[in-house]
Each structure stands twice: as C-alpha cells, then as structure tokens.
Amino acid sequence: MDLPVDEWKSYILQKWSLLPKAVRVTISTAETLSDIFLHSSSLLQPEDEMFMKKLSRGYSVGKDPDAPFFYREEGNKKFQEKDYIGAAVLYSKGISHCSPDTEDISLCYANRSAALFRLGQYETCLEDIIRAQTHGYPERLQPKMMLRKTECLVTLGRLQEASQTISDLERNFSAKPIKEASPCQILQKNVHYLKMKLKEKKNLLEMVPAALTKAFEDISLKEENKQISGASSSVGLCSDPLKGRYLVATKDIFPGELLVKENAFVSVLNPGEMLPLHHSLQSNWGTRITNGDLYCHGCLKHTLATVPCNGCSYARYCSQECMQQAWEYYHSTECALGGLLLTLGVFCHVALRLTLLARFEDVDNVVRKLCDEISNKDLCSPENQTLDKPHNYSQSECEEKYRQVENPIPGCSIDGKYEHNYNAVFNLLPHTENHSPEHKFLCALSISILCRQLKATNLQAVTPDLPSSRSKAAMIPGLCADQNIWGVAMLRHMLQLQCNAQAITAIQQTGSKESFVTSSKQVRLATGIFPVVSLLNHSCSPNTSLSFAGTVVTIRATQQIGKGQEILHCYGPHESRMSIAERQQKLKSQYFFDCSCPACHTEELRTAVGPRWEAFCCNSCRALMKGNAVLSCGTRSCTESISRDHLLSRLQQLQQQVEMAQKLLRNGKLEQAIQQLLVYQQDAKSFLWTEHTMVGKIEDNLAQAYAALGDWQKSAAHLQKSLQVVEARYGPTSVEVGHELFKLAQVLFNGFAVPEALNTIQKAEKVLLVHFGPQSSEIKELQEMRSCLLDLPPAFVGPSV
Ligand SMILES: [Zn+2]
Ligand SMILES: [Zn+2]
Ligand SMILES: [Zn+2]
Ligand SMILES: [Zn+2]
C-alpha cells in the first residue's frame with residue numbers, strides 16, 4: 001500500500017539483478033540523491049514504461065457510463081433490506097461514475113437522500129435533495145422528494161421553510177390534474193404528525209436540565225510556543241549530534257495536558273485493499289465498502305454523502321468546497337495521472353503532493369533548496385543526525401543545550417522558529433545511506449516514471465469542463481522546468497517517508513445492531529506528514545498519546561513529565577503490543593536504530609517468562625509456567641512440566657472454537673454461543689494464565705452475548721473480568737482500558753445500575769480525557785449518560801446490578 005504494487009516491485013528488483021555489476025556499484029556507492037536519481041532514471045526503458053502502463057490500467061479510476069445504473073440497482077436492493085448505510089455507499093459509488101447534469105446523477109442523489117433520511121441524517125439528506133435538483137431531477141418524480149424535504153425541515157425545526165415547501169407543492173399540484181388520491185392530503189397529514197412529534201421533543205428537552213456541570217474544561221494549548229508553531233509553551237526544541245532534534249519539557253507537564261496540535265502538512269487517503277480490476281467488466285464495479293467511500297479525500301471527514309471529482313471516479317469529497325480546494329492545490333495534476341498513483345503506492349503519492357503543495361509557498365526559496373540539493377550541498381550526506389539514542393539529560397545540561405542556538409537547528413527559519421511549512425518538511429532526514437541499494441533503485445525508477453507521465457500529461461490541453469484552477473501556471477509546476485530537480489525532490493520525500501510518515505487513524509464503531517454495547521477499533525485512514533510531530537523521538541513506553549480529528553493530530557501527556565525530561569512518542573512498537581525482540585527488529589529495519597528506552601532496557605534483564613498476556617499456567621496448581629521448549633511449574637513443590645508445542649496447539653484449537661462461537665454471536669444465536677463460551681472459559685482456565693489475552697477475549701464475548709439478551713447484570717460481571725485482563729496488559733491509564741470502561745459504563749447504564757454506572761463513567765472519563773480531550777465523542781456520550789442518570793426520578797431506578 002505504501003510502496004508500489006508487488007508486480008512492479010518484483011519487476012524492478014529483477015531489472016536490478018540483471019544490471020551489469022559496475023552499474024550496480026555506481027548506484028550503490030552514489031553519495032547524493034541526485035546521483036542516485038540521475039543514474040537510475042537513465043536506465044528506464046520504454047518497455048518499462050509499457051509494463052507500468054499495463055499495470056496502472058488495472059486500477060481504473062475513469063468514469064464508466066454503465067456503472068451508475070448497476071450501482072443504483074444494487075443500492076436499491078440494500079435499501080429494501082433496510083441496510084441504509086450500504087445503500088448510501090452504493091449510490092455514492094454510482095454518483096462517482098456519473099457526469100454532471102445528467103439524469104443518472106440526479107437519480108442517484110435522490111435515492112441517496114432517501115437512505116440518509118432513514119438514517120436520520122436530515123441535514124445531509126437536504127443537501128442531496130438540492131444536489132438532485134441542480135442536476136435536473138425529473139419533474140414527474142419531484143413530489144415524493146418534496147415530501148421528504150418537508151419532513152426533514154419539520155424534524156429540524158425549520159418550520160417556515162417547511163410550510164413554504166408545502167405551498168410550493170400545492171401550487172404545483174393544483175396546476176396539474178392528478179388522478180391519484182390527493183398526495184397533498186397525505187402530505188399534510190404527515191406534516192401534522194411531524195409537527196406533533198416536534199412539540200413532544202421540545203417538551204422533553206425542557207425537562208432535562210442544561211449541561212450538568214462544566215467539570216471538564218477544554219484543555220487547549222495554554223499558550224502557544226513562540227519557537228515551534230502548533231506546540232504548547234511547555235515544550236522546547238533541542239538538537240544534538242547524537243540524538244538529532246528532540247522535544248523536552250520546559251516546565252512540569254501534567255497528565256492530559258495538550259502539548260501539540262498540528263494539521264497535516266500533507267495527507268493522502270489510504271485506499272485500503274485495492275484489488276486490481278481485471279478483465280471482466282462486472283468485476284470493475286466492486287461493491288465492497290472501503291475507506292475511500294466513507295471519508296473525504298481532502299479533509300478526511302467521515303461522510304456518507306460524498307461528491308465526486310468531475311474528472312475521475314476515484315477522488316470523492318465531503319463538500320464542493322473540499323473538492324475545489326483539492327483541485328486547486330493538487331488534484332488537477334493528480335487526476336490526469338489515472339491509475340498510476342494507485343499503482344505506485346501511497347508514498348509516491350505523498351511525495352508528489354508535497355512538491356505540488358510547495359508551489360504555494362515561496363517558490364524561489366524552494367527551487368533554491370532543490371538546486372542546492374542537486375548540486376550536492378550535503379543536505380543528504382553526511383547524516384550525522386541519527387534517530388534517538390535515548391539518554392537522559394540533566395536539567396542543566398538540557399537548558400544549556402537549549403541556549404546554544406548559534407548553529408540554527410535544521411528546519412528552522414533564520415530567526416530560529418520551527419514552522420509548519422515546506423522548509424521544515426524538506427529538512428526531515430531521508431536516511432539515504434541506510435536504505436538498501438535495491439530500495440533506492442525502486443524508488444528512483446518509480447519517481448522517474450511518474451516524472452515522465454507528468455511531463456506527458458502537462459503537455460495535453462486541460463479539459464475545459466473541469467473547474468479551472470487559479471491559472472494555467474499553477475497547473476504546470478514551476479519546478480517542471482527541470483524535471484530532474486522535481487524528481488530528486490520527490491525521491492527525497494519518498495525516502496523520508498519510511499521514518500517520518502505518520503499513520504492517520506480514526507476510531508470506527510463496530511458491533512452488531514442487536515448488542516447495545518459498541519466496541520471500537522482503530523482503522524488506518526491516511527498517511528500524512530506532520531513536521532512538529534516528526535520532532536518527537538521514540539520510546540516503547542512513551543509519555544504521550546496521539547489522537548486524530550480528521551487531519552488534525554493532538555498529542556497529550558499521559559503522565560507527569562518533569563521539567564527537562566524528553567517528550568516521547570511511540571512509533572508503533574509499543575511494549576504492551578510486541579515483545580522486545582519484535583520491537584527491536586521493527587525499529588532497526590524501519591527506523592534504523594537500536595532502541596534503548598527504559599522498557600527495552602529493563603525487559604532485557606528480565607527472565608525468559610515472556611509477556612504475561614501470552615503466558616500459561618500450571619494445570620494442577622495454577623502457578624505461572626516458565627521455560628522455553630519445555631515449561632515447568634513455578635511452584636517449588638509442584639513437578640508439572642509440559643512442552644510449549646503442546647500448549648500452543650491447545651491454544652490454537654481454543655482460538656478456532658472461540659471464533660466459531662463469535663460467528664454464532666454475530667448470527668444472533670445467543671444462547672448457543674453462551675453455552676459454548678462457558679465451556680471454553682473453563683478450558684482456558686485450565687492452562688492459560690489469568691491475564692492471557694484469550695481469557696479476556698472469552699469474557700468479552702460472554703459480556704456481549706448477555707448484553708444482547710438484555711441481561712445487564714451478567715454482562716457487567718464478565719466485562720469486569722475482561723477489563724482486568726486488558727488492564728494487566730496495557731496499564732490502568734491506557735486507551736484500551738478507557739474503551740473497556742466505556743463499554744462497561746454502557747452496560748451499567750442500560751441496566752439502570754445507577755451508582756455503579758456513575759462510578760464507571762467517572763473512571764472512563766478520567767482515562768479517555770487524557771487521550772482524546774474533552775471534545776471527543778466518547779467523552780460527550782459519557783457526560784450525556786451521566787446527566788441522564790442523575791436526572792432519573794428515584795422510582796425509575798431499577799434493580800441494581
Ligand atoms: Zn472534506
Ligand atoms: Zn479526479
Ligand atoms: Zn524501546
Ligand atoms: Zn504447579
């Protein structure tokens with residue numbers, strides 16, 4: 001996904017292996033990026049371009065005039081099945097293949113408005129109705145849509161507009177003879193009903209007191225940092241030859257404090273699994289829901305009502321504004337490249353977009369920098385700044401370093417300010433000497449092929465239909481004058497991305513409609529570059545936590561950080577998710593350093609028990625089993641011993657059984673699922689350590705099953721056990737525990753267990769606040785639950801759990 005597709009990768013690797021040795025040596029020993037780029041791209045042959053053309057044709061992004069009908073039919077089927085989300089997504093897919101101002105597009109928008117209406121998304125429903133009308137929705141179908149419009153307006157309390165719509169409709173009807181039973185009567189009856197409903201709703205709202213307390217004030221950047229844009233004043237930028245650049249606390253920082261709030265300098269939506277579309281036409285029209293269907297390709301906002309690019313079926317946006325902005329800044333160039341960018345992968349795409357965005361900054365400055373690069377002003381070598389050799393500085397040492405800014409820190413402006421701009425991005429390290437020669441060759445050739453395609457498309461006339469960008473000059477980048485300069489810049493970015501790309505994630509709610517308890521999982525939405533976040537070094541047990549809202553990242557302290565201490569963030573290999581060996585391997589291969597963070601340091605000293613969440617227990621005395629190939633009981637008086645392979649195969653079997661039970665759960669066979677899970681629970685206890693992940697998983701499934709049955713009491717009891725396992729693994733203040741507490745709060749809330757629910761809500765709030773801040777949806781939901789509980793009349797309070 002990040003790198004080019006496998007076919008291209010193996011093609012280039014083969015090409016590399018067939019090169020004369022002397023050529024390979026030249027490229028391997030080339031010291032600058034421009035040498036690497038120039039040598040490599042001179043080897044690009046027409047047949048290579050042909051091969052790439054063939055590959056990228058598989059990723060069709062054009063508009064297919066036959067697709068809208070197909071998707072509308074498929075959407076209608078989902079609608080019939082009452083799967084309104086599925087229906088909306090399929091209508092969106094249809095819309096993305098439509099040309100503007102056609103009956104097709106207006107029908108798709110109208111159908112989508114119906115799905116959105118059923119989902120209670122009245123505002124977006126109204127937007128789609130307007131879209132349907134502007135694209136020429138047929139007159140004969142209007143009344144039904146107007147009825148929907150009126151219902152939306154009434155529900156939203158926009159009564160005046162509603163009655164206006166009614167009278168417009170009535171005028172229309174009286175103008176034409178109608179044979180059917182007067183639709184106006186039905187309509188008015190409906191409106192009357194909705195008005196009643198609205199009144200009820202208003203009364204209800206008056207009964208609930210306004211926001212209970214403002215207990216949790218918004219934690220915003222207390223004071224913006226004068227040196228680093230987007231950081232709080234509690235943070236300082238340091239640099240030394242050993243560690244490179246890093247951030248320290250310039251005053252004591254408390255848990256939950258907001259340290260950085262930064263919008264991505266660039267972000268590219270991750271298409272998810274894009275299967276190449278071969279041969280048969282039918283398979284061209286995938287019906288699977290991907291990230292690209294649910295999130296704006298510009299601002300990453302979640303939406304079911306996307307508007308497509310007029311030029312392709314791939315790019316989709318949350319609004320006309322996002323579409324226009326994307327077109328102006330980068331998509332006008334990208335759109336013309338067709339499936340090539342999907343074939344070349346996200347890193348290539350980010351590299352291109354970075355250079356396109358650079359045009360809107362001080363172009364002279366950028367070009368000068370690129371020329372420096374190409375004339376080898378040691379920007380890429382020697383790289384004396386290696387990543388992170390964590391080492392704790394004393395406070396005075398740090399302040400000392402903080403003062404010595406005679407040598408400006410790379411990426412800063414002349415006045416020492418680190419800004420969120422192309423200059424900062426350009427100065428992120430590409431680690432040229434650490435990448436393998438094959439990898440550099442692959443990147444260089446991929447960029448080179450992109451450059452040639454850009455040159456070819458820029459020569460073509462711009463389609464007049466497309467929203468015109470500022471000027472033709474902006475379409476053809478100024479940098480285009482020298483393709484090589486442009487290419488070298490993109491190659492630099494592509495190499496930078498391996499260490500500096502930040503996965504932008506979102507929390508997606510999962511769980512079936514029947515179970516009232518929602519689970520959430522993190523999904524990777526996009527790849528972005530955040531110049532300020534890139535300043536943070538890694539630790540496997542970091543003192544901060546990251547969260548995203550669209551393309552904006554916030555970093556909060558998860559624990560107290562003393563003045564002078566380094567601020568650390570985890571690049572992925574967290575101590576609670578991977579063993580030390582896996583972490584070291586990952587950090588070395590991707591980030592080129594050996595981690596010596598406190599977690600790695602202490603764990604190396606530990607015995608070979610392995611992580612507790614994978615541990616086994618003794619069959620007879622339940623003590624922890626220790627050892628490698630053969631495990632023996634930790635209790636002195638006990639002589640149990642057993643082979644690891646045997647235990648692992650038992651675990652595997654249990655895993656499969658639990659998966660079967662989960663299937664039953666999903667299919668609503670609750671009693672059966674519970675029966676089986678209770679058996680597995682006993683089985684797990686006989687050989688797995690109490691904190692084993694599988695033990696927690698079984699408890700969690702039992703909790704789900706009981707919740708679906710409405711047995712809140714039992715559900716809560718199992719959830720408590722699952723919570724213990726999660727807490728043992730991730731720690732009591734982790735985001736994982738926060739999510740478990742949230743689930744538990746929902747269960748207790750639904751069971752009217754007032755004191756327990758209030759207690760759990762408070763705990764959940766405390767943990768989640770640190771990670772996501774007061775504006776997150778989870779926090780808001782918790783607060784709503786609390787005010788609802790406090791508002792219950794005493795008689796309402798049912799049996800306590
Ligand atoms: Zn958007
Ligand atoms: Zn497009
Ligand atoms: Zn570590
Ligand atoms: Zn034992």
Side-chain angles (χ1 to χ4, degrees), residues 92 124 127 263-264 267-269 291-309 315-331 387-392 504 506 525-526 536-543 549-552 566 568-606 611 615-627 630-642 647 685-690:
S92 296
T124 31
E127 284 171 26
N263 196 1
S267 63
V268 169
L269 185 100
N291 282 345
D293 297 313
L294 299 174
Y295 296 89
C296 173
H297 290 217
C299 71
L300 300 179
K301 193 179 130 184
H302 183 275
T303 176
L304 284 173
T306 50
V307 274
C309 166
R316 277 167 259 172
Y317 305 93
C318 69
S319 62
Q320 198 71 18
E321 293 73 48
C322 262
M323 181 179 97
Q324 227 119 32
Q325 198 183 29
W327 184 264
E328 232 181 69
Y329 283 97
Y330 48 82
H331 191 64
L387 255 164
D388 189 29
K389 302 265 183 315
H391 135 202
N392 282 324
I504 300 176
L525 272 195
L536 290 160
N537 279 330
H538 164 84
S539 166
C540 305
S541 60
N543 49 20
T551 55
V552 177
E566 186 169 357
L568 296 157
H569 134 69
C570 175
Y571 292 177
H574 194 280
E575 63 167 333
S576 63
R577 288 177 200 103
M578 287 184 199
S579 71
I580 182 165
E582 279 174 284
R583 277 166 14 221
Q584 295 281 354
Q585 196 271 331
K586 171 97 180 154
L587 291 165
K588 185 81 188 167
S589 63
Q590 189 178 345
Y591 299 95
F592 312 121
F593 70 92
D594 297 306
C595 187
S596 53
C597 75
C600 287
H601 202 69
T602 48
E603 216 174 303
E604 265 175 317
L605 304 173
R606 269 184 220 156
F616 298 101
C617 78
C618 171
N619 191 26
S620 47
C621 72
R622 298 283 150 92
L624 198 64
M625 297 290 274
K626 291 178 186 169
V630 176
L631 296 164
S632 47
C633 178
T635 312
R636 204 174 291 173
S637 55
C638 181
T639 55
E640 280 288 330
S641 77
I642 193 160
L647 290 170
K685 271 187 191 160
S686 70
F687 75 108
L688 297 177
W689 181 242
T690 49

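Quick note: numbers below take in every heavy atom, side chains included, and nothing from hydrogens, waters or symmetry partners. Atoms within each ligand, like the ligands themselves, are counted from 1 in listed order.
Side-chain atoms of Thr639 and Cys633, non-hydrogen and from C-beta on, never get closer than 4.5 Å to each other. The closest side-chain heavy-atom distance from Lys626 to Ser632 is not below 4.5 Å.
Under the 30°/60° scheme for interplanar angles, the aromatic rings of Tyr591 and Tyr571 are found to be tilted. The aromatic rings of His331 and Tyr317 lie perpendicular to each other, with more than 60° between the two planes, well past the 30° mark.
Remark: Glu328 CD to Gln325 CD distance equals 8.0 Å, nearest 0.5 Å. Atoms CG and SG, from Leu568 and Cys540 in turn, are 10.5 Å apart once rounded to the nearest 0.5 Å. From Ser641, atom OG reaches atom CE of Met625 across 6.5 Å, with rounding to the nearest 0.5 Å. The distance from atom CG of Asp594 to atom CG of Leu587, rounded to the nearest 0.5 Å, is 9.0 Å. Here CZ of Arg577 is found 7.0 Å from SG of Cys570. Values are rounded to the nearest 0.5 Å. Considering CG of Leu536 and CD of Glu566, their distance stands at 8.0 Å, rounded to 0.5 Å.
By the criterion of a separation under 2.8 Å, the protein N/O/S atoms near the Zn ion (ligand 1) amount to Cys296 SG, Cys299 SG, Cys318 SG, Cys322 SG. Of all protein N/O/S atoms, those under 2.8 Å from the Zn ion (ligand 3) are Cys540 SG, Cys595 SG, Cys597 SG, Cys600 SG, and waters are not counted.
Draw a line from the Zn ion (ligand 4) to SG of Cys638 and another to SG of Cys621, and the angle between them is 130° (to 10°). The angle Cys633:SG - the Zn ion (ligand 4) - Cys618:SG amounts to 110°, with values rounded to 10 degrees.
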